[in-house]
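The structure displayed is predicted, hence computed values, not measured ones.
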Amino acid sequence: LFGVTGNCAACSKLIPAFEMVMRAKDNVYHLDCFACQLCNQRFCVGDKFFLKNNMILCQTDYEEGLMKEGYAPQVR
C-alpha cells in the first residue's frame, strides 16, 4: 500500500493512499503503470527490470540500449 497520497512516476497521476503500488528506488507507480517504458511489457512476479535514467526498462530494452552505447553486458 502506498500509505500517503502522491503521484505516479510514470503517468504523473495521483495515487490515493489506499492503493496498491510498485516501487523502484524512490519512485512509486500504479500497478498498471509498472511496465517497460519503451515496449510497454508488463512485469510478472520475479521478472527482472532495470531502472535507467529514471525509466523502467525490460531486460531486452536495457541490453539493447547498452549495445547501442558500445557496452555489451557479461553473460555468466
_Test log, rule side-chain contact (heavy atoms from CB on, under 4.5 Å), inputs Leu66 and Lys52_ = CA-CA 11 Å; Leu66 290 178; Lys52 183 165 184 179; 4.2 Å; yes

*Check step by step if side-chain contact (heavy atoms from CB on, under 4.5 Å) holds for Asn7 and Leu14.*
CA-CA 4 Å; Asn7 291 6; Leu14 188 68; 3.8 Å; yes

*Going through the distances and angles, do Cys11 and Tyr29 end up as a side-chain contact (heavy atoms from CB on, under 4.5 Å)?*
CA-CA 8 Å; Cys11 72; Tyr29 303 87; over 6 Å; no

_side-chain contact (heavy atoms from CB on, under 4.5 Å), that's the test. Do Arg42 and Asp32 meet it? Break it down for me._
CA-CA 8 Å; Arg42 299 277 310 268; Asp32 288 340; 3.6 Å; yes

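The distance from atom SG of Cys44 to atom CZ of Phe49, rounded to the nearest 0.5 Å, is 13.5 Å. Expressed to the nearest 0.5 Å, how far CD of Glu63 lies from SG of Cys58 amounts to 9.0 Å. Within the model, atoms CD1 of Ile56 and CE of Met22 stand 8.5 Å from one another, a figure rounded to the nearest 0.5 Å.
Counting heavy atoms from C-beta on, the side chains of Leu38 and Met55 come closer than 4.5 Å.
Across Cys36 and Leu57, no two heavy atoms sit closer than the pair SG-CA, 3.9 Å.
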